[in-house]
**Student:** 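Below you will find the structure I want to go over with you.
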Amino acid sequence: MATAKKTPAAPAKKAAVAAKPAAAKKAAPAKTAAAKPAAAKKAAAPRKPNAAFMKELTPSASLAAVVGAAPLPRTEVTKKVWDYIKKLDLQDAANRRMINADDKLKAVFGGKAQVSMFEMTKLISDHLK
């Protein structure tokens with residue numbers, strides 16, 4: 001029984017092939033190290049809120065029955081509508097993305113008995129001026 005001997009050339013080829021990507025990997029971090037301080041400077045600056053979100057809008061009469069008649073930013077209107085939905089447990093039990101409308105919300109939702117949470121934001125924006 002003769003067993004085949006491994007030739008020493010085969011491992012040398014693998015080592016040579018493995019050495020090439022290692023050299024490329026060492027060069028890449030050197031380039032990104034110079035870019036990191038610039039990115040760190042941008043991240044250190046405090047983030048300013050978008051003025052469009054903070055602008056106070058007046059709700060329509062049907063939306064005012066849910067959130068109140070005082071002018072509110074769009075973000076606060078959305079929060080108050082969600083508080084109303086959660087307080088009255090108006091989310092569909094089987095599909096939590098769907099909102100079941102009561103009488104007040106039906107007026108806001110254009111007469112629809114059930115809308116998705118994504119459609120809800122579009123319908124609410126129609127009631128803000």
Side-chain angles (χ1 to χ4, degrees):
M1 283 211 271
T3 57
K5 292 184 179 179
K6 293 184 180 177
T7 59
K13 286 182 183 177
K14 289 181 184 176
V17 172
K20 289 181 182 177
K25 287 181 183 177
K26 288 181 183 177
K31 290 179 185 177
T32 57
K36 284 185 181 178
K41 289 180 184 176
K42 288 181 184 177
R47 185 170 178 215
K48 295 180 183 177
N50 188 345
F53 285 122
M54 303 313 290
K55 181 180 177 186
E56 292 189 347
L57 302 168
T58 306
S60 68
S62 55
L63 183 59
V66 177
V67 299
L72 294 167
R74 187 178 305 272
T75 54
E76 289 298 317
V77 171
T78 305
K79 284 181 187 178
K80 288 192 178 221
V81 170
W82 271 110
D83 290 341
Y84 181 82
I85 290 168
K86 289 178 182 179
K87 182 177 96 176
L88 297 177
D89 194 31
L90 296 176
Q91 278 184 287
D92 189 49
N95 186 357
R96 303 289 288 173
R97 287 180 285 175
M98 299 302 286
I99 309 299
N100 298 322
D102 64 349
D103 292 333
K104 290 181 181 179
L105 284 179
K106 204 175 265 192
V108 175
F109 295 161
K112 294 183 180 180
Q114 189 178 45
V115 297
S116 72
M117 63 174 61
F118 306 108
E119 185 181 4
M120 178 188 74
T121 57
K122 178 185 175 232
L123 294 170
I124 288 172
S125 68
D126 293 340
H127 289 272
L128 295 172
K129 294 182 183 179

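Hydrogens, waters and symmetry mates play no part in the numbers below; they use all other heavy atoms, side chains included. Here, residue 1 is the first one in the sequence, and each next residue gets the next number.
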**Student:** How far does CG of Leu123 sit from NZ of Lys112, to the nearest 0.5 angstrom?
**Tutor:** 6.0 Å
**Student:** Side-chain contact, heavy-atom cut-off 4.5 Å: Tyr84 with Lys104?
**Tutor:**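 Of all side-chain heavy-atom pairs linking Lys104 with Tyr84, at least one is under 4.5 Å.
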**Student:** Is there a donor-acceptor pair under 3.5 Å between the side chain of His127 and the backbone N or O of Val108?
**Tutor:**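 At least one qualifying donor-acceptor pair exists.
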**Student:** Can you tell which of Asp83, Asp102, Leu105, Asn100 makes a side-chain contact (heavy atoms from CB on, under 4.5 Å) with Leu88?
**Tutor:**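 For Leu88, the side-chain contact (heavy atoms from CB on, under 4.5 Å) test succeeds with only one of Asp83, Asp102, Leu105, Asn100, which is Asp102.
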**Student:** Should we count CE of Met54 as having more than 12 external heavy atoms under 6.0 Å?
**Tutor:**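 Open.
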**Student:** Taking atom CG of Asn95 as the centre, does the number of heavy atoms from other residues, nucleotides or ligands within less than 6.0 Å exceed 12?
**Tutor:** yes
**Student:** Side chains of Val81 and Met120, heavy atoms from C-beta outward: is any pair under 4.5 Å?
**Tutor:**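 Touching, per the 4.5 Å side-chain cut-off.
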**Student:** Please examine the side chains of Leu128 and Thr58, heavy atoms only from C-beta on, and report whether any two atoms are closer than 4.5 Å.
**Tutor:** no
**Student:** Answer whether the closest heavy-atom distance between the side chains of Trp82 and Ile99 falls below 4.5 Å.
**Tutor:**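 Heavy-atom side-chain distance check passes, below 4.5 Å.
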**Student:** Give a yes or no on whether a salt bridge exists between Glu76 and Lys79, defined as a side-chain N under 4.0 angstrom from a carboxylate O.
**Tutor:**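 Here Glu76 pairs with Lys79 in a salt bridge, since their nearest N and O are under 4.0 Å apart.
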**Student:** Side-chain contact test, heavy atoms from C-beta onward, threshold under 4.5 Å: evaluate it for Leu57 versus Leu72 and give yes or no.
**Tutor:**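 No, their side chains stay 4.5 Å or more apart.
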**Student:** Looking only at non-hydrogen atoms, find the nearest pair between Ala101 and Lys106 and report the distance.
**Tutor:** CB-N, 3.8 Å
**Student:** Can you tell me if Gln91 uses its side chain to pair, donor with acceptor, with the backbone of Arg96 under 3.5 Å?
**Tutor:**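 Yes, because the side chain of Gln91 sits within donor-acceptor range (under 3.5 Å) of the backbone of Arg96.
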**Student:** Going from CE on Met98 to OG on Ser116, what distance comes out if it is rounded to the nearest 0.5 angstrom?
**Tutor:**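 Result: 5.5 Å between the selected atoms.
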**Student:** Rounded to the nearest 0.5 Å, how far does OG of Ser60 lie from CD1 of Ile124?
**Tutor:**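 Answer for the CD1-OG pair, Ile124 versus Ser60, is 10.0 Å.
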**Student:** Which pair of non-hydrogen atoms, one from Ala69 and one from Pro59, has the smallest distance, and what is that distance?
**Tutor:** O-CD, 4.1 Å
**Student:** Nearest 0.5 Å, what's the CE-CG distance between Met117 and Asp92?
**Tutor:** 10.5 Å
